[in-house]
Colleague: 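Take a look at the following structure, please.
Along the sequence shown, the residues carry numbers beginning at 1.
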Amino acid sequence: MALILVTKILGKTQITQLTPFYFISALILGELLGNAIYDKEIGLKYVLYALTLWATLIFAIELLTQKFKGTRSLLEGKPSIVIRDGYIDFQELKKNRLDINQLQILLRKKDVFSVREVAYAILESDGSVSVMKKSMYDSTTKQDINAAPKPVFLPTTVISDGEILYDNLAEAGYSEDWLRSELNNLGIVNVKQVFYAEWLEGDSLFINSYR
């Protein structure tokens with residue numbers, strides 16, 4: 001009952017916005033209560049005291065972040081634009097300790113299976129990604145365009161972090177020579193220049209160089 005009361009007082013941020021600060025606060029709260037509950041020498045009043053003390057501290061910090069905007073980025077973190085105008089921002093990924101595979105997982109959770117569909121992607125402070133698709137990839141229904149269904153293909157990553165993914169390339173039915181020829185046509189002479197590249201059947205090779 002005490003935990004429910006604390007959650008009501010602190011609001012839904014403890015549940016829905018798991019920023020680094022809230023993650024740490026949840027761990028410490030669990031540790032305080034765990035030690036208090038399983039230690040036979042500690043009574044109920046000490047459990048309630050620990051709970052009240054920590055809830056008061058969290059509530060005070062909440063008021064602090066609401067009153068002074070400068071503390072928000074420190075305690076709650078701030079969003080980062082990881083895909084800007086259709087291009088992956090390698091420096092932002094590096095700053096947030098995020099690799100291309102993790103970014104692809106986050107995008108797929110937003111029903112985005114190809115980086116080429118994304119105009120902007122923002123890594124939120126809670127670790128999720130918000131996506132704005134390019135206009136040509138906005139969701140439409142068959143009824144909207146009254147068109148016959150077309151076959152759907154999954155994009156295949158063929159270069160990641162400047163390295164050719166030979167298994168994926170072979171699975172797509174292409175050779176290294178073909179890939180290097182495509183890169184040369186785009187003015188790219190070295191694979192190391194490419195941060196990310198994917199192939200999609202029926203579309204062109206999508207290239208994202210280091211910037």
Colleague: Using side-chain heavy atoms (C-beta onward) and a distance below 4.5 Å, is Arg180 in contact with Val191?
Modeller: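 Answer yes - side chains close enough.
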Colleague: Does the distance from a Lys or Arg side-chain N to an Asp or Glu carboxylate O, for Lys192 and Glu163, drop under 4.0 Å?
Modeller: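 A salt bridge is present here (some side-chain N lies under 4.0 Å from a carboxylate O).
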Colleague: Does the side chain of Ser175 reach to within under 4.5 Å of the side chain of Leu169, using non-hydrogen atoms?
Modeller: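 Heavy-atom side-chain distance check fails, nothing below 4.5 Å.
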Colleague: Is there a path of hydrophobic side-chain contacts, each under 4.5 Å between heavy atoms of I/L/V/M/F/W/Y residues, joining Tyr210 to Ile188?
Modeller: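 No: no chain of side-chain contacts under 4.5 Å links Ile188 to Tyr210.
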Colleague: Roughly how far, to the nearest 0.5 Å, is the CG atom of Asn190 from the CG atom of Leu183?
Modeller: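 One gets 9.5 Å once the value is rounded to the nearest 0.5 Å.
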Colleague: Could you walk me through whether Lys133 and Tyr120 pass the side chain to side chain contact (heavy atoms under 4.5 Å, CB included) check?
Modeller: CA-CA 7 Å; Lys133 288 186 177 182; Tyr120 289 90; over 6 Å; no
Colleague: Salt bridge or not between Lys134 and Glu117? Use side-chain N to carboxylate O under 4.0 Å.
Modeller: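 Here Lys134 does not pair with Glu117 in a salt bridge, since their nearest N and O are not under 4.0 Å apart.
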Colleague: So do Val131 and Val118 actually touch side chain to side chain, heavy atoms under 4.5 Å?
Modeller: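 Yes, side chains in contact.
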Colleague: With clusters defined by side-chain heavy atoms of hydrophobic residues (ILVMFWY) lying less than 4.5 Å apart, directly or transitively, does Tyr166 cluster with Ile207?
Modeller: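 Same cluster: Ile207 reaches Tyr166 through Ile, Leu, Val, Met, Phe, Trp or Tyr contacts under 4.5 Å.
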Colleague: When rounded to the nearest 0.5 angstrom, what is the spacing between CD in Gln102 and CG in Leu123?
Modeller: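 One finds 10.0 Å between CD of Gln102 and CG of Leu123.
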Colleague: Side chains of Glu176 and Trp178, heavy atoms from C-beta outward: is any pair under 4.5 Å?
Modeller: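 In short, these two side chains do not touch, never coming nearer than 4.5 Å.
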Colleague: Quick one: are Leu200 and Leu205 in side-chain contact, heavy atoms under 4.5 Å?
Modeller: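 Leu200 vs Leu205: side chains apart.
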Colleague: Can you check side chain to side chain contact (heavy atoms under 4.5 Å, CB included) on Phe195 and Tyr87, steps first, answer last?
Modeller: CA-CA 10 Å; Phe195 175 57; Tyr87 285 92; over 6 Å; no
Colleague: Would you say that Glu124 contacts Ser130 through its side chain, given a criterion of any heavy-atom pair below 4.5 Å between the two side chains?
Modeller: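 Yes, their side chains come closer than 4.5 Å.
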Colleague: Taking side chain as C-beta onward, heavy atoms only, is Leu103 less than 4.5 Å from Val82?
Modeller: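 Leu103 reaches Val82 side chain to side chain.
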Colleague: Where is the tightest heavy-atom contact between Ser160 and Ile100, given as atom of each residue plus distance?
Modeller: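 Smallest heavy-atom distance, with atoms named: OG-CG2, 3.0 Å.
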Colleague: How long is the gap from CG on Leu98 to CZ on Phe90, to the nearest 0.5 Å?
Modeller: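 CZ of Phe90 is found 11.5 Å from CG of Leu98.
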Colleague: Between atom OG1 of Thr157 and atom CD1 of Ile164, what is the distance when rounded to the nearest 0.5 Å?
Modeller: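 Nearest 0.5 Å value for the OG1-CD1 distance: 13.5 Å.
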Colleague: Exactly one of Phe206, Tyr174, Phe153 should register a ring-ring contact (aromatic ring centres under 6.0 Å, His included) with Trp199. Which one does?
Modeller: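 Going through Phe206, Tyr174, Phe153 one by one, the ring-ring contact (aromatic ring centres under 6.0 Å, His included) with Trp199 is satisfied by Tyr174 alone.
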Colleague: When rounded to the nearest 0.5 angstrom, what distance separates CD1 in Ile88 from CD1 in Ile81?
Modeller: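 Rounded to the nearest 0.5 Å, the CD1-CD1 separation comes to 14.5 Å.
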Colleague: What I'd like to find out is whether the side chain of Leu93 reaches to under 4.5 Å of the side chain of Asp99, using heavy atoms alone.
Modeller: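 No, side chains not in contact.
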Colleague: For the backbone of Glu198 and the side chain of Arg116, can you confirm whether one donor and one acceptor N or O come within less than 3.5 Å of each other?
Modeller: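 Yes; judged by distance alone, with no hydrogens or angles, the pair exists.
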Colleague: Do we see a donor-acceptor contact under 3.5 Å between the side chains of Glu171 and Thr156?
Modeller: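 No pair is found: no donor N or O on one side chain lies under 3.5 Å from an acceptor on the other.
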Colleague: Report the distance from atom CG of Leu107 to atom CD1 of Ile83, rounding to the nearest 0.5 Å.
Modeller: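 The CD1 atom of Ile83 is 5.0 Å from CG of Leu107, to the nearest 0.5 Å.
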Colleague: Please report the shortest heavy-atom distance between Ala121 and Val129, naming the atom on each side.
Modeller: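 Shortest heavy-atom separation between Ala121 and Val129 comes out as CB-CG1, 4.0 Å.
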